[in-house]
S.K.: 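Here you go, one structure.
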Amino acid sequence: QEVLVESGGGLVQAGGSLRLSCTSSLLPLSSYGMGWFRQAPGKEREFVAGIAYTSGSTYYKDSVKGRFAISRDNAKNTIYLQMNSLKPEDTAVYYCAAGELITQATMAGDLSIWGQGTQVTVSS
């Protein structure tokens, strides 16, 4: 059983939008720093966005700033990634992760709590 469960991926045209969700039946996500990573074929898993569990501060990969927004709904125990103005280079499997604090400096190997991933494909 996966600790984190992602949903919301799909196929979208360039310029379109998707909203990814991440939830857990095992962990209170409000007690964790949460983040989204992505992995394209042949590439390493990379940080996309993070949100602190105390301050609610958010962090973004430079290439997604102004287009993506991470948020949390503690009542629903869910983390979201709103993705707007999608580009073909955003195509990847997107993973949700939990940790202490997830920022641009966090490497995938630093984290041990993951979801199974959800595919996002952006066509040109």
Side-chain angles (χ1 to χ4, degrees):
Q1 183 180 5
E2 297 289 347
V3 178
L4 303 174
V5 179
E6 303 97 333
S7 61
L11 172 63
V12 64
Q13 289 188 332
S17 298
L18 285 172
R19 189 178 77 161
L20 306 183
S21 299
C22 171
T23 191
S24 177
S25 61
L26 300 175
L27 297 179
L29 301 186
S30 60
S31 298
Y32 290 83
M34 299 297 298
W36 289 94
F37 286 69
R38 67 187 181 188
Q39 188 166 18
K43 295 188 177 182
E44 293 187 353
R45 193 172 298 188
E46 63 176 5
F47 168 85
V48 175
I51 185 166
Y53 71 95
T54 50
S55 64
S57 297
T58 57
Y59 311 89
Y60 296 98
K61 177 181 175 63
D62 285 346
S63 63
V64 308
K65 284 181 181 177
R67 299 190 298 124
F68 290 12
I70 187 171
S71 61
R72 58 167 79 234
D73 185 333
N74 291 335
K76 295 183 178 179
N77 203 38
T78 300
I79 305 298
Y80 301 101
L81 185 67
Q82 178 68 43
M83 304 186 296
N84 300 325
S85 301
L86 282 161
K87 303 176 181 181
E89 52 263 43
D90 294 319
T91 295
V93 178
Y94 282 70
Y95 297 89
C96 179
E100 186 68 26
L101 176 65
I102 300 175
T103 71
Q104 301 92 326
T106 305
M107 304 297 290
D110 297 334
L111 303 170
S112 60
I113 302 174
W114 293 93
Q116 82 289 352
T118 185
Q119 176 71 47
V120 171
T121 303
V122 184
S123 63
S124 58

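What you are looking at is a predicted structure, and each value in this text was computed from that prediction instead of being measured. All heavy atoms count here, side chains included; hydrogens, waters and symmetry mates do not. Position 1 is the first residue of the sequence, and the numbers go up from there.
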S.K.: Tell me every residue that passes ring-ring contact (aromatic ring centres under 6.0 Å, His included) with Phe37, counting only those two or more places apart in sequence or in another chain.
M.R.: Phe47, Trp114
S.K.: Looking only at heavy atoms, what is the nearest atom pair of Gly50 and Ile70, with distance?
M.R.: O-CG2, 3.5 Å
S.K.: Under the criterion side chain to side chain contact (heavy atoms under 4.5 Å, CB included), which of Asn77, Thr78, Ile113 is the partner of Ser24?
M.R.: Asn77
S.K.: Check the hydrophobic clustering (I, L, V, M, F, W, Y; side-chain heavy atoms under 4.5 Å; chains of links allowed) and say if Trp36 and Val122 are grouped together.
M.R.: yes
S.K.: Identify whether Leu29 and Val3 are in the same connected component of the hydrophobic contact network (ILVMFWY, side-chain heavy atoms under 4.5 Å).
M.R.: yes
S.K.: Just wondering, do Leu20 and Met83 contact through their side chains at under 4.5 Å, heavy atoms?
M.R.: yes
S.K.: For residues Ala98 and Met34, report the shortest heavy-atom separation together with the two atoms involved.
M.R.: CB-SD, 3.6 Å
S.K.: How would you list, by chain and number, every residue that makes a salt bridge (charged side-chain N to carboxylate O under 4.0 Å, His left out) with Lys65, sequence neighbours excluded?
M.R.: Asp62
S.K.: Group every Ile, Leu, Val, Met, Phe, Trp and Tyr by side-chain heavy-atom contacts under 4.5 Å, then state whether Val48 and Ile79 land in the same group.
M.R.: yes
S.K.: Restricting to non-hydrogen atoms, name the atom on Ala92 and the atom on Gln119 that form the minimum distance, rounded to 0.1 Å.
M.R.: O-NE2, 3.5 Å
S.K.: Please check if Ile51 and Tyr32 belong to a single hydrophobic cluster, counting links between Ile, Leu, Val, Met, Phe, Trp and Tyr side chain heavy atoms closer than 4.5 Å.
M.R.: yes
S.K.: Please identify each residue that fulfils salt bridge (charged side-chain N to carboxylate O under 4.0 Å, His left out) with Lys61, with sequence neighbours left out.
M.R.: Glu46
S.K.: For Glu6 and Tyr94: C-alpha separation, side-chain torsions, deciding distance, then whether side-chain contact (heavy atoms from CB on, under 4.5 Å) applies.
M.R.: CA-CA 8 Å; Glu6 303 97 333; Tyr94 282 70; over 6 Å; no
S.K.: Please test Asp90 against Arg67 for side-chain contact (heavy atoms from CB on, under 4.5 Å), starting from the C-alpha separation and ending with a verdict.
M.R.: CA-CA 11 Å; Asp90 294 319; Arg67 299 190 298 124; 2.8 Å; yes
S.K.: Which atoms form the tightest heavy-atom contact between Ser17 and Gln82, and what is the distance?
M.R.: CB-NE2, 4.0 Å
S.K.: Of the non-hydrogen atoms in Gly117 and Val93, which two are nearest, and what is the gap between them?
M.R.: CA-CG1, 3.8 Å
S.K.: Working to the nearest 0.5 angstrom, can you tell me the gap between Phe68 CZ and Leu18 CG?
M.R.: 9.0 Å
S.K.: Hey, what do you get for CD (Gln13) to OG (Ser124), rounding to the nearest 0.5 Å?
M.R.: 9.5 Å
S.K.: Kindly list each side-chain donor-acceptor pair under 3.5 angstrom involving residues 100-108, sequence neighbours excluded, with atom names and distances?
M.R.:
unit_1 : atom_1 : unit_2 : atom_2 : d
Thr103 : OG1    : Ala105 : N      : 3.2
Gln104 : NE2    : Tyr60  : O      : 3.4
Thr106 : OG1    : Thr103 : N      : 2.9
Thr106 : OG1    : Thr103 : O      : 3.3

S.K.: Restricting to non-hydrogen atoms, name the atom on Thr118 and the atom on Gly9 that form the minimum distance, rounded to 0.1 Å.
M.R.: OG1-N, 3.1 Å
S.K.: Write out all pairs satisfying disulfide bond (SG atoms under 2.5 Å apart) with one or both partners inside residues 39-90, taking only residues at least two apart or from two chains.
M.R.: none
S.K.: To the nearest 0.5 Å, what is the distance between CD (Gln116) and OG (Ser7)?
M.R.: 8.5 Å
S.K.: Arg19: which residues meet the salt bridge (charged side-chain N to carboxylate O under 4.0 Å, His left out) condition with it, sequence neighbours left out?
M.R.: none
S.K.: Do Arg38 and Leu81 have side chains that approach each other closer than 4.5 Å (heavy atoms only, starting at C-beta)?
M.R.: no
